[in-house]
Amino acid sequence: MTSVSRADVAYLSLRQAIVEQALVPGTKLREDVLATHFAVSRTLIRAALARLANEGLIDTGNKRTATVARPSREEAKAVFEVRRCLEVEVVRLVIKNWQPGYVSLLEEHVRSEEESDSAGNPRLSLRVASEFHLLLAQLTGNALLERYVSEVVSRCSLILAVHGHEHSQECGIREHRVLIAALRARDIARAQQLMDEHLQSLEERALAHRPASAPPDMTEILGRYSAGFSPADKPETPLERGVAAPRRSPAKRARSK
């Protein structure tokens with residue numbers, strides 16, 4: 001693992017809490033409260049909030065207090081349009097660089113999705129399902145594409161928090177398995193069609209109407225999320241958790257299997 005600072009812990013904790021919908025859209029993120037909680041200066045908190053704002057996860061505007069972003073339906077549709085463009089290209093590149101070991105990596109991840117869904121924890125299940133797409137992006141070997149996919153996937157999680165509702169990931173898991181079969185067959189046209197249809201289905205679920213919920217207790221949430229990080233540790237990526245090889249060598253890792 002790579003060493004991270006307290007400022008990184010603040011950023012990572014806030015980001016994960018937003019992505020997993022623990023901090024719901026509209027939640028105020030007061031600099032003084034965050035600085036006290038993470039034991040850092042307000043300057044470092046502003047830097048962490050700036051990173052989240054650049055990713056579209058929080059709104060700052062002209063207000064002194066940042067809030068978790070609340071994307072409109074129009075903004076949500078635009079995000080999904082971009083995501084479809086990116087991930088259709090992802091599957092093409094994965095097939096172009098295909099190695100037999102990719103199958104076991106992807107199937108192992110889908111098994112993790114099934115376990116998370118069976119555990120009855122919708123937030124965990126959503127995160128693990130999203131990580132399937134991050135794993136695919138890593139297998140392209142294109143770091144910039146991976147970064148863009150990571151950002152739109154995070155924003156889609158926020159969209160689900162605003163417009164969607166909790167549901168089983170069973171359909172998504174089944175769609176992931178069908179996609180793996182197309183990738184394994186190296187059928188680019190079929191894989192791209194399946195990815196497009198999968199993301200359209202996700203968009204429909206994300207833009208469903210949901211009832212209003214009570215505001216969260218931010219202190220309790222941040223305590224729960226920051227406990228998962230320390231200044232000495234940085235979370236591993238889905239690909240790093242699956243294999244021992246360096247993160248940027250998917251082809252080499254596959255050959256070793």
Side-chain angles (χ1 to χ4, degrees), residues 11-12 14-29 48-63 65-94 122-123 125-140 142-167 169 171-172 175-176 179 188-189 191-213 238:
Y11 161 74
L12 292 167
L14 287 165
R15 189 180 191 279
Q16 187 168 336
I18 292 170
V19 168
E20 292 191 11
Q21 304 176 12
L23 289 177
V24 299
T27 301
K28 292 183 178 181
L29 304 173
L49 294 176
R51 293 171 68 181
L52 295 169
N54 287 336
E55 294 178 21
L57 297 180
I58 69 170
D59 290 327
T60 53
N62 296 322
K63 302 176 182 178
T65 300
T67 60
V68 178
R70 187 185 295 276
S72 67
R73 295 181 74 84
E74 290 72 24
E75 291 170 331
K77 287 181 178 295
V79 170
F80 272 100
E81 285 177 357
V82 171
R83 182 171 177 179
R84 283 197 296 273
C85 291
L86 291 175
E87 295 211 55
V88 164
E89 177 64 7
V90 162
V91 295
R92 186 188 73 81
L93 290 176
V94 170
R123 290 173 179 166
S125 181
L126 173 63
R127 176 171 62 80
V128 176
S130 297
E131 287 179 345
F132 175 83
H133 295 264
L134 303 184
L135 175 56
L136 282 176
Q138 289 174 31
L139 293 177
T140 67
N142 186 314
L144 189 58
L145 181 57
E146 179 188 340
R147 171 188 167 188
Y148 290 154
V149 169
S150 177
E151 290 188 10
V152 295
V153 167
S154 296
R155 294 187 72 175
C156 285
S157 297
L158 188 61
I159 289 166
L160 278 165
V162 177
H163 302 287
H165 56 85
E166 292 183 353
H167 61 275
Q169 297 294 327
C171 291
E175 291 162 5
H176 286 175
L179 178 59
I188 293 178
Q192 289 183 319
Q193 177 189 356
L194 289 170
M195 178 60 82
D196 186 73
E197 292 174 351
H198 173 54
L199 294 177
Q200 286 188 35
S201 297
L202 180 59
E203 180 179 356
E204 291 173 2
R205 294 192 288 269
L207 297 181
H209 292 287
R210 62 176 294 168
S213 58

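Residues: numbered from 1 along the sequence shown. The analysis underlying the following values was restricted to heavy atoms, covering all of them including side chains, and did not include hydrogens, waters or symmetry mates.
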Kindly give the heavy-atom pair with the smallest separation between [X] and [Y], and that separation in Å.
| X | Y | answer |
| --- | --- | --- |
| R70 | D59 | N-OD2, 3.8 Å |
| L134 | S150 | CD2-CA, 3.6 Å |
| P71 | I159 | CG-CG1, 3.8 Å |
| A66 | L49 | CB-CD1, 4.3 Å |

I want to check something: taking the side chain as every heavy atom from C-beta on, are [X] and [Y] in contact at a cut-off of under 4.5 Å?
| X | Y | result |
| --- | --- | --- |
| V24 | V68 | no |
| I58 | T67 | no |
| E20 | L126 | no |
| S130 | S157 | yes |
| F80 | L202 | yes |

>> A191: which residues meet the side-chain contact (heavy atoms from CB on, under 4.5 Å) condition with it, sequence neighbours left out?
In response: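 Result, side-chain contact (heavy atoms from CB on, under 4.5 Å) vs A191: V91, I95, L179, A182, L183.
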>> Going by side chain to side chain donor-acceptor pair (under 3.5 Å), name the residues that satisfy it together with R92, two or more places apart in sequence or in a different chain.
In response: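 Checked R92 against side chain to side chain donor-acceptor pair (under 3.5 Å); matches are E89.
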>> Holding to side chain to side chain donor-acceptor pair (under 3.5 Å), I want the full list of residues that pass it with S154, two or more places apart in sequence or in another chain.
In response: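 Applying side chain to side chain donor-acceptor pair (under 3.5 Å) to S154 gives R15.
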Can you tell me how far the [atom1] atom of [X] sits from the [atom2] atom of [Y], to the nearest 0.5 Å?
| X | Y | atom1 | atom2 | answer |
| --- | --- | --- | --- | --- |
| E151 | L86 | CD | CG | 10.0 Å |
| T140 | L145 | OG1 | CG | 5.0 Å |
| L93 | L136 | CG | CG | 11.0 Å |

Salt-bridge contact [X]-[Y] (side-chain N to carboxylate O under 4.0 Å):
| X | Y | value |
| --- | --- | --- |
| E55 | R51 | no |
| E203 | R83 | no |
| E81 | K77 | no |

> Considering residues at least two apart in sequence or located in another chain, which fulfil the salt bridge (Lys or Arg N to Asp or Glu O under 4.0 Å) criterion with R155?
Replying inline: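 In terms of salt bridge (Lys or Arg N to Asp or Glu O under 4.0 Å), with neighbours along the sequence ignored, R155 is linked to no residue.
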Return all side-chain donor-acceptor pairs below 3.5 angstrom for residues 193-200, not counting sequence neighbours, or 'none' if the list is empty.
residue: Q193; atom: NE2; partner: E197; partner atom: OE2; Å: 3.0
residue: D196; atom: OD2; partner: Q200; partner atom: NE2; Å: 2.6
residue: H198; atom: ND1; partner: E175; partner atom: OE1; Å: 2.4
residue: H198; atom: NE2; partner: H133; partner atom: NE2; Å: 3.2
residue: H198; atom: NE2; partner: H176; partner atom: NE2; Å: 3.1

> Is it true that a side-chain atom of E87 and a backbone atom of R84 form a donor plus acceptor pair closer than 3.5 Å?
Replying inline: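 Checking the backbone N and O of R84 against the side chain of E87, no donor-acceptor pair under 3.5 Å is found.
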